[in-house]
*Asks:* 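Below is a structure I'd like to ask you about.
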Amino acid sequence: MEKISYKLEVFEGPLDLLLHLISKNKLNIYDIPVAVLLEQYMEHIDKMKEADMDIASEFLEMAAYLVYLKTVSLLPKHEEEAKNLKMELTGQLLEYKAVREAAEKLSERLDFDTFVREPMEIEPDRTYKGKISLVELKKAYFAAVGRGKRRLPPPETAFNKIVKRKVVSVSSKIIYVLKRLFKEKRVKFESIFENATSKSELVATFLAILELIKGKRVKVATTSKGDTLQLAAKKADEI
Amino acid sequence: MKLNELEAALEAVLFASGEAVEIDRLAEALEWDRQKVIEIADSLAEKLKEAGSSLEVVKLEDKVQICTKKQYAESIRKALDIRKSLPLSQAALEVLAIICYNQPVTKAFIEQIRGVDCSGVIQSLCAKGLIEEKGRLELPGRPLIYGTTDTLLRCLGVSSLSELLPVDEGQEEEEKVIDGVFEAEEGYQISLEG
Amino acid sequence: MKLNELEAALEAVLFASGEAVEIDRLAEALEWDRQKVIEIADSLAEKLKEAGSSLEVVKLEDKVQICTKKQYAESIRKALDIRKSLPLSQAALEVLAIICYNQPVTKAFIEQIRGVDCSGVIQSLCAKGLIEEKGRLELPGRPLIYGTTDTLLRCLGVSSLSELLPVDEGQEEEEKVIDGVFEAEEGYQISLEG
């Protein structure tokens with residue numbers, strides 16, 4: 001029990017975390033320094049991992065978005081796109097911030113201290129006495145089943161993607177990448193993603209590569225022809 | 001004539017409970033003794049009467065209740081009757097339609113189509129007498145199955161569910177025509193009875 | 001101060017109905033016009049207050065309801081054995097805020113603003129009766145849309161959400177700045193106030 005020396009703050013989602021980082025570091029929300037924010041964000045994700053918390057795929061998606069934003073900001077001739085992306089993020093954050101303020105106002109007013117009565121049972125008969133139109137009924141049916149396009153509910157397997165969303169951990173992908181590199185020495189960048197079947201798997205794989213580069217375990221280089229990106233494990237003397 | 005704090009507290013509890021409440025229970029909740037509950041109930045009754053309220057405090061054996069005076073029964077009945085014929089909500093209509101066109105069906109079936117929990121809606125449709133339980137399905141969990149009632153047929157103004165408008169595949173064209181016909185006839189309603 | 005016949009009749013109907021009743025329905029049941037219902041509701045509210053009653057008449061959009069005053073909550077919970085409801089979670093409050101300011105909205109809209117899945121929260125707000133389904137959007141997939149209920153208004157102690165909506169002066173300024181920035185960007189919308 002003593003291992004848990006501090007409790008990691010729990011955030012409602014990536015936007016909540018970003019707002020927290022922005023206010024903690026007094027960053028300018030109207031002109032977000034992406035590199036700083038990304039670094040802090042990843043640091044927090046790391047802490048979450050250390051604390052063995054489940055990291056929802058939304059957090060990873062935001063990480064990927066920030067990486068993308070940073071990449072675009074670094075590329076020459078992409079100033080316009082970078083500016084737009086940053087404004088989009090600013091807008092999202094401001095909107096979410098406004099929602100949080102509104103939520104706080106609601107919570108100040110909201111209470112469950114007034115009581116009402118159950119309707120009086122003059123006669124226990126609550127039988128419906130109104131008219132129901134056949135046309136309305138049919139319309140409601142189509143509304144429910146989607147204009148008759150699928151009269152019968154889809155098979156259970158159709159819901160697998162929605163319900164059984166797999167949470168992919170970055171560490172499992174780090175192992176996967178390292179294993180591939182151990183076997184094949186050099187791997188085409190794209191081929192690392194070949195086996196990924198879901199968005200969260202793609203994101204996790206990409207984050208794994210970033211982690212490995214940051215940890216100086218792998219390097220990325222172009223082939224001699226310069227047309228493909230390759231991934232290779234760093235040799236001990238290179239580290 | 002003003003209610004004092006004690007009378008008001010008793011009134012609040014009796015109002016919220018709706019039904020008759022045991023004097024012992026009132027005594028416990030309000031932290032009074034039995035005698036005090038009876039005294040306050042009496043003075044509350046007296047004050048409501050003086051104030052010309054439509055409510056009166058009734059003592060039944062060892063219980064107390066607030067209810068409306070007899071002379072308001074007519075207005076109340078009328079108001080409650082109107083409630084019984086209020087149009088169904090969109091959610092209720094959709095659940096009803098799914099049951100009409102697929103019965104007998106389980107709650108799970110309905111919820112799979114609608115994508116949301118439908119317990120409350122099903123319960124209220126049962127209370128309104130428009131649908132009813134029709135036994136259980138011989139499947140793991142033995143889920144309840146629901147079907148339509150005669151009351152529903154009456155509300156729809158049909159004598160059998162075979163008179164429902166068809167919803168077969170390839171019906172969309174026809175449906176538009178029907179929609180057109182009925183949209184032209186504004187406020188048209190099928191009503192055989194009443 | 002004495003209730004007159006009209007006030008007493010309205011009180012009786014509201015008491016018996018329990019739930020919030022549409023002004024139109026009251027007008028029909030009592031055979032008055034809307035304006036009269038509103039006037040009598042106001043004078044009934046005033047007289048109950050003067051009489052020190054534990055009950056109050058609240059207006060919720062186009063409905064009227066009788067409920068108990070807050071200060072009796074403790075006694076009522078104790079007498080009826082109701083556990084104090086926990087305050088809403090941060091997630092639930094945020095979803096509620098988004099719905100209040102933008103209704104009717106789809107789940108997808110809410111999730112886009114919050115950046116996380118909200119299915120469970122929406123379901124639990126529905127179960128608490130604070131929000132409800134308001135039909136479907138005529139878009140591919142025909143998504144359900146959600147809006148607020150009169151129960152929410154009562155719990156907030158307002159008769160209309162517009163009482164909450166005006167954002168503080170300072171914030172409006174800020175919003176204008178944001179609007180200015182984003183108007184340049186095609187298709188972007190900040191929509192806090194529906």
Side-chain angles (χ1 to χ4, degrees), chain B residues 1-5 7-19 21-22 25-31 44 47-48 50-55 66-83 85-86 89-94 114-121, chain C residues 1-5 7-19 21-22 24-26 28-31 47-48 50-55 66-69 71-82 107 119 122-124 126-127 129 132-136 141-146:
Chain B
M1 139 247 3
K2 225 170 129 57
L3 297 192
N4 61 35
E5 258 318 296
E7 291 153 358
L10 181 64
E11 181 192 41
V13 171
L14 291 177
F15 171 88
S17 123
E19 49 200 34
V21 188
E22 288 85 6
R25 183 159 203 165
L26 290 169
E28 200 188 320
L30 295 161
E31 295 173 9
L44 175 62
K47 287 198 185 166
L48 287 181
E50 277 176 49
S53 171
S54 65
L55 309 178
I66 285 193
C67 48
T68 53
K69 285 190 191 158
K70 282 212 186 73
Q71 72 233 56
Y72 301 100
E74 165 110 34
S75 307
I76 291 172
R77 189 178 297 271
K78 222 157 141 192
L80 294 182
D81 265 339
I82 296 171
R83 188 187 58 188
S85 57
L86 286 180
S89 70
Q90 175 66 20
L93 260 181
E94 287 188 14
R114 296 201 64 237
V116 285
D117 180 272
C118 297
S119 320
V121 180
Chain C
M1 138 248 3
K2 224 170 129 61
L3 297 193
N4 62 34
E5 255 320 295
E7 289 153 359
L10 180 63
E11 183 191 41
V13 169
L14 289 177
F15 176 89
S17 299
E19 60 202 23
V21 191
E22 291 82 3
D24 285 334
R25 224 168 96 203
L26 291 168
E28 201 181 327
L30 294 158
E31 295 174 10
K47 286 200 185 165
L48 288 181
E50 278 176 46
S53 171
S54 64
L55 309 178
I66 288 191
C67 62
T68 59
K69 287 192 185 159
Q71 68 244 49
Y72 303 102
E74 203 49 45
S75 310
I76 294 171
R77 285 204 187 94
K78 225 163 143 191
L80 306 184
D81 220 0
I82 304 170
K107 183 162 83 83
S119 317
I122 290 175
Q123 189 132 340
S124 108
C126 277
E132 65 187 2
E133 290 174 23
K134 299 276 190 187
R136 287 169 190 271
R142 305 178 53 78
L144 284 165
I145 46 180
Y146 298 90

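As the structure is a computational prediction, the values presented were derived from the model and not from experiment.
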*Asks:* Top residue by heavy-atom pair count (under 4.5 Å) with chain B, among C:Cys126, C:Ala12, C:Ala9?
*Replies:*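 The option with the most such pairs is C:Ala12.
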*Asks:* Quick check on the interface: out of B:Ile82, B:Val116, B:Asn4, B:Val21, who has the most heavy-atom pairs with chain C under 4.5 Å?
*Replies:*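 It is B:Ile82.
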*Asks:* Work out which heavy atom in C:Ala16 is nearest to a heavy atom in B:Leu80; give both atom names and the distance.
*Replies:*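 Answer, listing the atom of C:Ala16 first, then B:Leu80: O-CD2, 4.4 Å.
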*Asks:* Between B:Glu74 and chain C, which part of the residue has a heavy atom less than 4.5 Å away: side chain, backbone, both or neither?
*Replies:*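 No part of it gets close to chain C.
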*Asks:* Please report the shortest heavy-atom distance between B:Gly52 and C:Ala8, naming the atom on each side.
*Replies:*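 Minimum heavy-atom separation between B:Gly52 and C:Ala8: O-CB, 3.7 Å.
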*Asks:* Quick check: C:Tyr72 with B:Phe15 (ring centres under 6.0 Å apart)?
*Replies:*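 No.
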*Asks:* Contact part of C:Glu133 toward chain B, heavy-atom cut-off under 4.5 Å: side chain, backbone, both or neither?
*Replies:*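 Contact with chain B involves the side chain of C:Glu133 alone.
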*Asks:* Heavy-atom pairs under 4.5 Å with chain B: which of C:Ser53, C:Gly135, C:Ala73 has the most?
*Replies:*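 The candidate making the most pairs under 4.5 Å is C:Ser53.
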*Asks:* Chain B: which of C:Leu30, C:Thr68, C:Leu14 shares the most heavy-atom pairs with it under 4.5 Å?
*Replies:*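 Ranked by heavy-atom pairs under 4.5 Å with chain B, first place is C:Thr68.
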*Asks:* When heavy-atom pairs shorter than 4.5 Å are enumerated against chain C, which of B:Glu28, B:Lys69, B:Glu94, B:Glu7 gives the highest number?
*Replies:*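 With the most close heavy-atom pairs to chain C, the winner is B:Glu94.
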*Asks:* If you draw a 6.0 Å radius around CD in B:Glu19, do more than 12 non-hydrogen atoms from other residues or ligands fall strictly inside?
*Replies:*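 No, not enclosed.
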*Asks:* Looking at B:Ser17, B:Gly115, B:Ala91, B:Gly18, which one has more heavy-atom pairs under 4.5 Å with chain C than the rest?
*Replies:*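 Greatest number of close heavy-atom pairs with chain C: B:Ser17.
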*Asks:* With a 4.0 Å cut-off on N to O distance, would you call B:Lys78 and C:Glu31 a salt bridge?
*Replies:*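 A salt bridge is present here (some side-chain N lies under 4.0 Å from a carboxylate O).
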*Asks:* For a quick test of reading the model, state the closest non-hydrogen atom pair linking C:Ala79 to B:Arg25 and the distance between them.
*Replies:*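 Between these two residues, the closest heavy atoms are O-NE, 2.7 Å.
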*Asks:* Flag the one option from B:Leu86, B:Leu93, B:Leu55 with the top tally of heavy-atom pairs under 4.5 Å to chain C.
*Replies:*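 Heavy-atom pairs under 4.5 Å are most numerous for B:Leu55.
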*Asks:* Got a donor-acceptor contact below 3.5 angstrom from the B:Lys47 side chain to the B:Lys2 backbone?
*Replies:*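 Yes, because the side chain of B:Lys47 sits within donor-acceptor range (under 3.5 Å) of the backbone of B:Lys2.
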